[in-house]
Structure formats: C-alpha cells, structure tokens
Number of protein chains: 2
Amino acid sequence: MPTETGSQPTSHKYLKVRDYLVALAAEELAVGDPVPSERALTQRFGVSRMTVRHAIDALVSEGVLEKVQGRGTFVSAPRMDFEVRLSTFGEQMQRLGLSASTTVLDSGAVAAPAEVAAVLGVSPGAQVHHLRRQRRADGKPMAIEEAWIPVALAPRLFDDGPPPSLYDALRTHGQDPQWGEETLAADIATREECELLDMSENSAVLRATRRTHGDDGAVMFSRSCFRGDRYQVWVPLAPPHVPEKPSRPSPAPTTSKEDS
Amino acid sequence: MPTETGSQPTSHKYLKVRDYLVALAAEELAVGDPVPSERALTQRFGVSRMTVRHAIDALVSEGVLEKVQGRGTFVSAPRMDFEVRLSTFGEQMQRLGLSASTTVLDSGAVAAPAEVAAVLGVSPGAQVHHLRRQRRADGKPMAIEEAWIPVALAPRLFDDGPPPSLYDALRTHGQDPQWGEETLAADIATREECELLDMSENSAVLRATRRTHGDDGAVMFSRSCFRGDRYQVWVPLAPPHVPEKPSRPSPAPTTSKEDS
DNA sequence: CCAACAGAGTGGTCTATACCTCATGATGTT
DNA sequence: AACATCATGAGGTATAGACCACTCTGTTGG
C-alpha cells in the first residue's frame, strides 16, 4: 500500500497541527499545562479554526489533551491504563521483578480435542500445535500452562522446537495476537498439579482459560493453572456504563487540586 | 444565581441529529445497515453538514456508528466491551439471567480496621459504614461480601437501613463511583465461609478485593468471596501495547466480511 | 463477454465567519 | 476590605459553501 506513513508534508493540515500538539505535549509541556489557544494555532498554521479544532478533538478523544470551556485546552495526565492486556508470563513476572523460567513438559502437534477444536473454531481432530509448560518465578513453581494453536495457521511454528514465547512466535509467523478473552475461576488442584506446582493436597489454584484472537479469528487457546497462594490478578474497572446521554463529556478536571 | 444547569432541551441541533441516529440505530436498523447520508440528514434537519458530521463523529467515537469513505455510514456491531466495569452483584446476575437475592449478615458503623483504613486512606479507627452480606443466585449461595465506606463521605448512607445497592446509594449521596481496581485470587474457604456458602470443607473460593474510587479518592473497600464452582470472571484482553505513534487514524474498517 | 470508463453518491478536508457560553481578572463600588 | 460588574479571551455551536478521495454501478468499447 502506498499509504506511506512518513513524509507527505503537504497532506492534511490538521495532521500538521496535530503533530505539533503531540510534540508539544510530549516534549515541551507538563501535565496540566495549557496548549496554545485555538485562535493562536489558527494564526500560527494559517488554517481555519475548524481545522484546528479537528486536530484538537482528535487528541482529546485519544486522551492526550482535555478541553475546559472558558479556560483552555490542557495536556492531560496519562490516563490510567484501563485495559488488561495480552501479556505473557514473562512480561508479568518482569513487571513483578521476578525472574521467569520455564520447563517444557510436552510439545508437538496433536489432533485437536473436542473442546479445543470448538473454542478455536477448527474441525475436531484437526492438527494443532500443543505445548505444555511449567512456569516458575524465581525458581519456584508458579503455574502450569497448556496451549493449542492450529497448525494450519502457522505450520512451521515449532520447527525450531517450542518457542520461548508463543506470542512472539505467532507474531513472526504472521499471526499477530490482536485481543483475547480470559476466564478466571478458583478450583482445587488435582494431584498431578499439586506435584508440578509443589503444593500440598487440597490447595487452591486459579484457573485461567484464554482465547487469543488474531486478525482472522482465534489463533490460540490456552489453559493455565496458577498457585492460588502465589498469584493474583489485578483488574482495573471502568466506570459503570452510562446509558446513552452524552450530557457530560466530563473532562475530568485533573487540574486544580493540590496547586497550593 | 439561577445558573440553571438543567433545561436546554431544544438547543443544540447536533444533539437532535444525534438522538435521531441513536434511535434509528437502536430501533429501526440492524447492524451493518447504512444510516442516511450526511447530505440527507442535512436536509432532513435543516442544518449544515458540519453539524451533521459533529453528531455522527460523536457516535462513531462511541462505537455506535462507523464510517467508510465512499460508501456511507453504518450501524456498527456493538463493540466488544473492552473494559470490565464497576458492576454490582445484581447486574452481574442479571446478565447471567439469574435472580439475585441478598441476606444482610451485619450492618452498621464501626471503627475502621487498620487494613481498611489504609486502603481507604482514612485514619485508623475512623468511623466507616460496614456491611456484610450473603448473596445468592437463584436462591443458591454464591458469595459473601463485605464492604466499608467512610462515614465522613456519606454520613446518612445507612439512615434507611442498609441500602440494597451500595453503588446506587453512593450515587444518591453524591459519591459517584468513578473507577475501581480489583484483585482476584484463589483460596480455600474458611469454615465459616463453607457454612455460609453451603460448601463442603476444603472447597475453593475466588477472593476479590475491590477498591472503588469516586471523584475525590477512594470511597469504598470491599472483599468478596465467591464459590469457586459457581462463579467465574470474564476478562477481555486488549492487544499488547502499541508504542506511541498514533500515526494511524486507523478507521478500522471492520466492515467487509459478511457482506455477500 | 469482459474490460475500461464515466457518473453519481458518499465521506474527508477546509475556509471564513458569526454568535454563544463560561472562567477569569481588572475595575469599580459599597 | 468586601463585594459587584464588566471586559477579555477561552472553548462551543453553527452556517454555506468548496473541492478532494473513494466506492459503486451502469454504460461503452474492444
């Protein structure tokens, strides 16, 4: 596609204004600082006010700026990351400052079990890569993880042996993980899980089943079993759904407050 | 001064267009159907095209509509709710088609225990409303829930007895829940919990601790204990973090596909 | 029969201007 | 000093056109 991003100095004046404001917010200004007024930008760029507003509105909806009528437009605080992301075990451990290690328990292509086939949307018995691993944090067993990926999506995925990161491997094989859904539930560990996780019998585990979607449907199904005493999930919660009425764009006046 | 906030029903033409489109999308049209063109709306409402576009753009950013250059504007599929929301037990059960019932186990104002005080950011020993409830779905015990709310925030919160919905009560007392954070972990139920949840000993439970924030800090701390065999949490996962550069207005055409 | 083209229709960008509402600070007035 | 008023300047809404880019479709040529 010649949708060449870079260059094209001419195209789209509002993008110029936008880029200018983005740079300004990122480099020159601090959170809460006002950006130039719409009329000022109008003159600086020699464009009409509607064009300036177009640029600003885009940044407002992206959370970069916020507008307050009668006062101005301000650099908004980086908004809390309200989305739980498709992170890997390694990333999660890194965030916690722990070292992650892994032992592959099983690896290879198998015929998809019924449930797996259903979740992945492939015909039962279709070939799927299968990987089962024990994951440790600072050497201590933390979880057992099992994953299935349709062979048809990435035939050579396991050619170099089981990859250290399935997500990375999927990416390099043209199957970028786009989004996912995960279900969490508490359960009692099975005997085998107790062994692999080095737990006593009747211990609680957190079971997570995850379906990862790519550009064209489900790319992976995985089931993880975490030690209940060593793992917990943090979930940010967005405000309750507001019916419909726009009424308040609610600029969330981050400002004010603690300024002496 | 009568800075009358309310009123202004008529004003704002773009809201009329917006409301019309919302109704249209909700009642008349199916997902994927086109809405009237911008020029058509211009004439129907006797407004300028910029006004129509203002209304449409708002709905696009809300996910109600999507635009495709050269083709038109369409009712978009209800987008996946990528945010887990501050929902109440009642709402959760309703979504599952179950009837929710509640038994209040304990209710009143108490001195905040140390941990509660710390989480809520009040001084230890400060008065907090306390509510402990058993929650059932279709009559079967589902969870035990305990909540603490600083009395200072809403002194009369429990004046009419423990409210059926704490979130609704907070709202009516001027402490709108804005966002929250929840931590989930698996554990073994205590003896008391086993009794209240009608479980045998050594059963797994999902423990959720939630801090709810209002406009001005934490408004509530709650701890829930769900039956592991009857409750699970669904979490949508956003794509791995994209660097910074928006570059891409990325209209995300979503369309195509099923159109014959 | 199929490819190429032209036209119509849709959203995308942009201008130049007008008047409104709201927040703030300077100026008066009490 | 304390309060009221007003001017200023910010964003908010709205107009009436103009031309561009893209998608379709029906027509026309080969």
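Lettering of chains follows the sequences in order, A, B, ..., and the numbering in each one begins at 1.
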Which pairs, with at least one residue in residues 18-44 of chain A and sequence neighbours excluded, count as a ring-ring contact (aromatic ring centres under 6.0 Å, His included)? A:Tyr20-A:Phe45
Does A:His213 have any ring-ring contact (aromatic ring centres under 6.0 Å, His included) partners at least two apart in sequence or in another chain, and if so, which? A:Trp179
B:Tyr167 and B:Ser87: side chain donor to acceptor below 3.5 Å: no
Check: A:Leu65 and A:Ser76 side chains under 4.5 Å, non-hydrogen atoms: no
Residues at least two apart in sequence or cross-chain that pass ring-ring contact (aromatic ring centres under 6.0 Å, His included) with B:Phe158, listed by chain then number, are B:His129
Starting at atom CZ of B:Phe74, determine the distance to atom C1' of C:dT10, rounded to an integer number of angstrom. 9 Å
Five-pair end axes of the helix from C:dC1-D:dG30 to C:dT30-D:dA1, angle between them (10°): 0°
Sequence neighbours excluded, which residues qualify as side chain to side chain donor-acceptor pair (under 3.5 Å) partners of A:Glu115? A:Arg223
To the nearest Å, give me how far apart CG (A:Leu41) and C1' (C:dC14) are. 16 Å
A:Thr73 side, atom OG1; A:Leu59 side, atom CG - distance, nearest 0.5 Å: 10.0 Å
Return yes if a side-chain donor-acceptor contact under 3.5 Å exists between B:Glu181 and A:Trp234, otherwise no. yes
Scan nucleotides 8-15 of chain D nucleotide by nucleotide, 5' to 3', and note B when protein non-hydrogen atoms come under 4.0 Å of the base, S if they reach only the sugar-phosphate, - if neither. -BBBBBBB
